[in-house]
Amino acid sequence: MGKAYEPKKYESKIYQLWEKSNFFNPDKLPGKRKKMYSIAIPPPNITGSLHMGHALNNTIQDILARFYRMKGFRALWLPGTDHAGIATQNVVEKELAKEGLTRHLLGREKFVKRVWEYRETYGNLILDQLKKLGCSCDWSRTAFTLDNNYAHAVRTAFVHYFKKGYIYRGPRIVNWCPRCATAISDIEIKYQEQESKLWYIKYPFKHDSRNYITVATTRPETMLGDTAVAVHPKDERYKDLIGKTVMLPIMNREIPIISHHLIDPEFGTGAVKITPAHDNADAKIGKEKNLKVINVIGPDAIMTKDAGTYAGETVLNARQKIVQELKTLGVLKKEEDYTHKLSLCDRCGSAIEPQISTQWFVKMEKLAQPAIRVVEKDKIKIFPKRYKKIYCNWLENIEDWCISRQLWWGHRLPVWFCQNSGQKSKNKCFVVSIEKPKKCTTCNADEFKQSEDVLDTWFSSALWPFATLGWPDKTKDLKTYYPTSFLSTAPEILYLWVARMVFSSIEFLNKIPFHEVYLHATVLNIEGRRMSKSLGTGLDPLELIEKYGADATRFGLIYQMTRDQQAFRFDERALIASRNFINKLWNISRFVDLGQDHTQNINAKPMTLSDAWIVSRLNSVIDSVTEKIKTYELGEAAQELYDFTWHEFADWYLEISKLQMSSPSVIPQGPSVIPHEVRDDKEGVRDDKEGVRDDKEGVRNDKKGVIPNEESHNTIQILNHALTTMLKLLHPFIPFVTEQIWQSTALPGSDLLMITTWPKPNKKLINKKSEQKFEIIKNLVTEIRNWKTNKKIPLKQQTEYKLKPENKKLLTQKGSRDLIEKLANVTLII
RNA sequence: GGGCGAGUAGCUCAAUGGUAGAGUACUGCGCUUACAUCGCAGGGGUUACAGGUUCAAAUCCUGUCUCGCCCACCA
């Protein structure tokens with residue numbers, strides 16, 4: 001073993017050793033293992049590369065998987081990737097753009113083929129990166145959301161919902177990019193501040209054309225499609241006008257004045273023109289109030305025939321001309337300078353034109369109820385607790401889920417439109433079925449065309465925990481590992497993903513998908529900004545692994561985190577500290593040099609006060625760390641292990657062990673410090689120190705090559721036992737170095753540390769009295785050293801120290817005087 | 001705009017209502033045969049601000065300020 005631990009030298013070798021063992025596959029684990037533990041990984045996008053959030057989240061999962069594996073569970077951590085519709089399609093489109101191509105030029109079939117090629121090349125990169133991090137996933141079960149069997153699960157789910165009447169088709173307003181000729185999602189929109197005008201327009205009352213209500217708008221051209229004017233129900237100015245009608249200028253259409261709580265009385269005049277066809281908010285109000293939808297802007301951003309005299313104009317031309325006409329008509333009250341956020345297509349920069357189109361929906365009301373109940377009743381526990389309320393609130397106010405997307409990459413809807421039927425419109429009669437139907441029972445058609453739409457990516461990921469185990473088939477895996485035990489993920493996908501898995505699982509399997517959910521902290525950079533590639537505020541975990549090693553990266557991340565945190569600023573200095581800690585552990589091991597078969601249970605008995613103290617502390621730490629991992633207090637557990645290993649075991653016991661192994665007589669002795677339970681061994685109590693001291697004459701301070709006396713031998717056993725225990729406790733956090741230490745000292749044929757048994761605390765050995773007595777000695781030693789430092793006496797220099805009278809009583813413990821004198825290099829004057 | 005969280009040592013974070021701790025940085029000494037990625041010792045905090053409850057407040061309550069995260073339909 002080298003003086004310093006070198007991660008690069010060992011990490012890949014150790015990982016290979018684990019993989020070769022097959023123990024990542026729970027079915028290959030030794031022993032009976034009746035209890036199951038399973039985690040479905042939040043599948044990263046195939047376009048993704050590991051970022052700090054992944055590093056944190058997967059470290060958390062690996063800690064849990066390794067912990068329960070060592071606890072004797074059949075632990076499954078099932079890995080995989082998500083096809084990630086929009087994200088992946090965009091990435092490939094950008095690639096195409098570099099070649100001067102577009103997906104439209106390529107055509108759907110070739111484009112999809114191209115995306116599959118992309119997936120073959122890059123799709124598993126992120127999984128390889130997880131291996132670098134040390135993740136103990138069962139790679140033999142790796143899943144992908146577009147696998148054939150997964151696709152079957154997706155279609156099964158769709159058909160199920162449809163047959164139950166939960167899926168329907170309907171109009172819906174979407175963000176439409178006129179140039180790309182597609183609907184795009186909210187996340188594909190970028191916003192740009194723009195200097196513009198706010199136009200105030202008078203809408204005269206029908207029966208009193210001299211009076212009017214004034215509305216304010218940034219988009220006067222949409223007024224051609226207005227079907228109402230809305231005010232806030234409690235707005236005193238307009239209260240009496242609700243229900244009256246006004247005449248829409250230019251179009252001379254009679255439209256009602258309605259009320260709606262979404263209207264902000266503070267904005268403009270407090271009265272808003274409602275254009276359900278071309279505005280998101282208006283569409284919602286329109287739907288609620290059953291307003292007519294009039295399309296005045298076409299998908300090409302040209303005014304439609306319903307725009308009357310403005311038909312055929314571009315949006316901007318129409319706007320200018322309409323403002324002119326309003327002036328002429330004398331209904332333009334005023335125009336104001338106004339800066340507003342313009343929605344632009346992220347890809348091409350065109351202005352978004354909201355459009356009504358036909359989409360598919362899942363009715364949420366009945367699905368949401370049981371999903372709320374299982375969380376309310378803590379059948380599924382969410383950590384941190386505060387997210388429970390947030391989750392329930394969202395589901396209580398949930399709207400129907402739009403599941404169709406006009407993309408090419410994804411699961412096409414299992415909807416088959418009848419082609420040769422008597423129906424005039426080809427899209428009116430259709431069959432919903434898993435496979436292409438032979439005949440339509442409604443219209444007798446026998447030619448079909450599958451829907452061009454694909455499903456929202458989250459529709460397929462909602463099935464992840466059970467589809468990956470083989471659902472809808474009743475597989476052995478499903479029976480064995482479902483429901484899963486634990487889900488760890490980022491808080492921002494609580495709605496998008498977690499909630500949807502819950503109701504899907506209840507709907508399809510009548511089971512919860514997982515027992516506990518942990519929403520981990522967001523990793524911020526040191527300035528407190530979200531780590532993001534596009535902002536350039538991210539750190540690359542792989543570079544950190546390269547620099548500090550995988551263990552230090554893991555430990556440093558976990559060490560900075562506490563369970564209920566919402567976010568923390570990532571500090572690279574924590575990784576340096578972790579690297580140093582790992583090196584410390586390495587060197588502790590070099591000193592202790594397990595040197596014997598540590599796979600055997602070592603029965604070390606505390607013989608001295610120091611022994612009793614360290615053994616007591618060790619057992620407390622086992623107990624506490626075990627509890628903390630179970631309740632996801634991983635940062636707290638890491639800190640406790642750090643402190644114990646370094647500042648108790650290494651700083652104190654290791655130093656004392658040197659004394660115990662060289663001249664045991666200096667050690668505080670005595671039956672009083674040894675718990676009764678462990679004194680049954682005849683070695684446990686010694687009464688003839690003098691004799692032993694004589695025996696020790698000439699013995700080197702080197703435990704190798706000497707015949708150890710009882711105490712020295714016992715000290716070695718305690719060192720061994722403590723180190724063995726620490727390695728086990730630390731293994732889930734820093735698996736590589738602990739396994740390497742284990743391997744470099746294990747006998748041939750012994751187990752991997754990865755599958756050794758998790759330590760159990762021996763509560764009989766937790767001895768608070770010994771701990772207190774030892775604390776006194778520690779404090780006294782520190783006090784004397786401090787005195788020496790202040791007196792500028794080198795610590796090594798032997799000197800006399802006059803004990804303060806109040807401290808004399810502290811020396812009642814046999815041998816404690818000798819220990820203090822040795823540790824502080826003083827001769828006590830009492 | 002709504003919801004949530006956070007403001008504690010120079011920096012990153014801890015602390016069931018009871019003497020405010022750690023890592024890092026800093027200062028002094030030390031290459032003591034596991035480790036200088038180290039050891040020993042030390043300095044450093046009116047716990048954002050203002051009130052209140054209490055024998056006792058970093059902690060509980062109210063308000064203010066600042067920052068962050070999530071959600072959202074400001075025409």
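For the numbers below, each heavy atom of this structure counts, side chains included, while hydrogens, waters and symmetry mates do not. Naming: A, B, ... by sequence-line order, numbering from 1 per chain.
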Original post:
Which is true for A:D264 with a 4.0 Å heavy-atom rule: it touches a base, it touches only sugar-phosphate, or it touches nothing?
Top reply: base
**OP:** Please tell me which of the listed nucleotides, B:A75, B:C73, B:C13, lies nearest to the side chain of A:Y338?
**Re:** B:A75
**OP:** Look at the side chain of A:K658 and decide which nucleotide, out of B:A75, B:G42, B:A34, has an atom nearest to it.
**Re:** B:A34
**OP:** Say whether A:N790 and A:N786, considering side chains only, have a donor N or O and an acceptor N or O under 3.5 Å apart.
**Re:** yes
Original post:
Contact class for A:D651 vs. all strands (heavy atom < 4.0 Å): base, sugar-phosphate, or nothing?
Top reply: sugar-phosphate
Original post:
Pick the nucleotide of RNA chain B nearest each of A:K389 and A:G528; which residue has the one closer to the 5' end?
Top reply: A:K389
Original post:
Does B:G23 have a Watson-Crick or wobble mate here (both distances under 3.5 Å), and if so which one?
Top reply: B:C11
Original post:
So, is A:Y387 near the phosphate of B:C70, with a side-chain N or O under 4.0 Å from OP1 or OP2?
Top reply: no
Original post:
Salt bridge check: are A:E221 and A:R219 linked by an N-O gap of less than 4.0 Å?
Top reply: yes
Subject >> Protein-nucleotide distance (A:L494, atom CG; B:G5, atom C1'), rounded to Å >> reply: 15 Å
Subject >> A:K584 charged N/C atom sitting above A:Y642 aromatic ring, 6.0 Å / 45° >> reply: no
Subject >> Value in whole Å for how far the P atom of B:C71 lies from CG of A:L496 >> reply: 7 Å
Original post:
Distance between the C1' atoms of B:G43 and B:G10, in whole angstroms?
Top reply: 13 Å
**OP:** Just call it for A:T217: base, sugar-phosphate, or nothing, with non-hydrogen atoms closer than 4.0 Å on any strand.
**Re:** sugar-phosphate
Original post:
If you measure from the P atom in B:G18 to the same atom in B:C60, how many Å do you get, rounded?
Top reply: 11 Å
Show each protein N/O and nucleotides 21-29 of chain B N/O combination with a separation under 3.5 Å, one pair to a line.
unit_1, atom_1, unit_2, atom_2, d
B:G23, OP1, A:H647, NE2, 3.3

Original post:
With a 4.0 Å cut-off, would you call A:E336 and A:K334 a salt bridge?
Top reply: yes
Subject >> Pairing partner of B:C67 (Watson-Crick or G-U wobble, both distances under 3.5 Å) >> reply: B:G5
Original post:
Is the A:Y801 ring parallel, tilted or perpendicular to the A:W787 ring (thresholds 30°, 60°)?
Top reply: perpendicular
**OP:** Give, ordered by number, those residues of residues 630-638 of chain A having at least one heavy-atom distance below 4.0 Å to an atom of RNA chain B; if nothing qualifies, reply none.
**Re:** none
Original post:
Considering only heavy atoms and no angle criterion, is a donor-acceptor pair shorter than 3.5 Å present between the side chain of A:E655 and the base of B:A34?
Top reply: yes
Subject >> Ring-ring centroid check A:Y203 A:Y212, cutoff 6.0 Å >> reply: no
**OP:** Could you tell me whether A:E633 and A:K628 make a salt bridge, using a distance below 4.0 angstrom between a side-chain N and a carboxylate O?
**Re:** no
Original post:
Are the charged groups of A:E572 and A:K547 less than 4.0 angstrom apart, N to O?
Top reply: yes
Original post:
Does the distance from a Lys or Arg side-chain N to an Asp or Glu carboxylate O, for A:K788 and A:E783, drop under 4.0 Å?
Top reply: no
Subject >> Protein-nucleotide distance (A:K9, atom NZ; B:U37, atom P), rounded to Å >> reply: 17 Å
Original post:
Closer to the 5' end of RNA chain B via nearest nucleotide, is it A:N790 or A:I588?
Top reply: A:I588
Report each atom pair, protein N/O against N/O of nucleotides 17-19 of chain B, whose distance is under 3.5 angstrom.
none

Subject >> Aromatic plane relationship, A:Y518 with A:Y632 - under 30° parallel, 30 to 60° tilted, over 60° perpendicular >> reply: parallel
Subject >> Proximity of A:F361 and A:W401 rings by center, below 6.0 Å >> reply: no
Subject >> Listed nucleotide nearest any side-chain atom of A:Q566, set B:C35, B:C73, B:G68 >> reply: B:G68
Original post:
What interatomic distance, in whole Å, is found between C1' of B:A56 and the corresponding atom of B:G39?
Top reply: 41 Å
**OP:** Could you work out the separation of B:C61 and B:A25 based on their P atoms and round it to a whole Å?
**Re:** 38 Å
Original post:
Whole Å only: how far is the CG atom of A:N786 from the C1' atom of B:G42?
Top reply: 7 Å
Original post:
Taking the P atom of each, how far is B:U33 from B:G21, in whole Å?
Top reply: 34 Å
Original post:
Does a side-chain N-to-carboxylate-O contact under 4.0 Å join A:E546 and A:K8?
Top reply: yes
Original post:
How is A:K3 classified with respect to the nucleic acid when contacts are heavy atoms under 4.0 Å: base, sugar-phosphate, or nothing?
Top reply: sugar-phosphate
Subject >> Contact under 4.0 Å: A:R386 side-chain N or O vs B:C4 OP1/OP2 >> reply: no
Original post:
Contact class for A:R785 (heavy atom, under 4.0 Å): base, sugar-phosphate, or nothing?
Top reply: sugar-phosphate
Subject >> Shortest side-chain distance from A:A4, nucleotide among B:C73, B:U37, B:G39 >> reply: B:U37
Original post:
In whole angstrom, what separates A:F649's CZ from B:C35's P?
Top reply: 16 Å
**OP:** Would you mind classifying the nucleic acid contact of A:T782 as base, sugar-phosphate or nothing, using non-hydrogen atoms under 4.0 angstrom?
**Re:** sugar-phosphate
Original post:
Looking at the side chain of A:Q565, which of B:C13, B:A34, B:C71 is the nearest nucleotide?
Top reply: B:C13
Original post:
Counting any heavy atom closer than 4.0 Å, what does A:T275 reach on the DNA or RNA strands: base, sugar-phosphate only, or nothing?
Top reply: nothing
Original post:
Touch check for A:I526, heavy atoms < 4.0 angstrom, all strands: base, sugar-phosphate only, or nothing?
Top reply: sugar-phosphate
Original post:
Watson-Crick or G-U wobble partner for B:C40, using a 3.5 Å limit on both distances?
Top reply: B:G28
**OP:** With a 3.5 angstrom cut-off on both distances, give the Watson-Crick or G-U wobble partner of B:G17, or none if there isn't one.
**Re:** none
**OP:** Send over the distance from A:F591 CZ to B:G39 P, rounded to a whole Å.
**Re:** 15 Å
Original post:
Between B:C73, B:C13, B:A41, which nucleotide has the shortest distance from any of its atoms to the side chain of A:K284?
Top reply: B:C73
**OP:** Return yes if a side-chain donor-acceptor contact under 3.5 Å exists between A:E640 and A:S624, otherwise no.
**Re:** yes
Original post:
If the C1' atom of B:A15 is compared with that of B:A22, how far apart are they to the nearest Å?
Top reply: 10 Å
Subject >> Assigned partner base of B:A50, Watson-Crick or wobble definition, under 3.5 Å >> reply: B:U62
**OP:** Answer yes or no: does a side-chain N or O of A:K584 lie under 4.0 Å from OP1 or OP2 of B:G39?
**Re:** yes
Original post:
With respect to the side chain of A:L654, which nucleotide from B:A41, B:A34, B:G39 is positioned closest?
Top reply: B:A34
Subject >> Gap in Å between the two C1' atoms, one belonging to B:U12 and one to B:U8, rounded >> reply: 12 Å
**OP:** With C1' as the reference atom in both, quote the distance from B:U59 to B:U24 in angstrom, rounded to an integer.
**Re:** 26 Å
Original post:
To the nearest angstrom, how far is A:I734 atom CD1 from B:U37 atom P?
Top reply: 19 Å
Original post:
If you look at every strand shown and take non-hydrogen atoms under 4.0 Å, does A:A650 touch a base, only sugar-phosphate, or nothing?
Top reply: base
Original post:
Can you check the A:Q560 CD to B:C13 P distance for me, whole Å?
Top reply: 8 Å
**OP:** Fit a plane to each ring of A:F774 and A:W652, take the angle between them on a 0 to 90° scale, and name the class: parallel (under 30°), tilted (30 to 60°) or perpendicular (over 60°).
**Re:** perpendicular
Original post:
So, the side chain of A:T553 versus the backbone of A:G549: is there a donor-acceptor pair under 3.5 Å, distance only?
Top reply: yes
Original post:
In terms of side-chain heavy atoms of A:F568, which of B:C73, B:C13, B:A34 is nearest?
Top reply: B:C13
**OP:** Considering only NZ, NE, NH1 and NH2 on the basic side and carboxylate oxygens on the acidic side, decide whether A:R617 and A:E648 come within less than 4.0 Å.
**Re:** yes
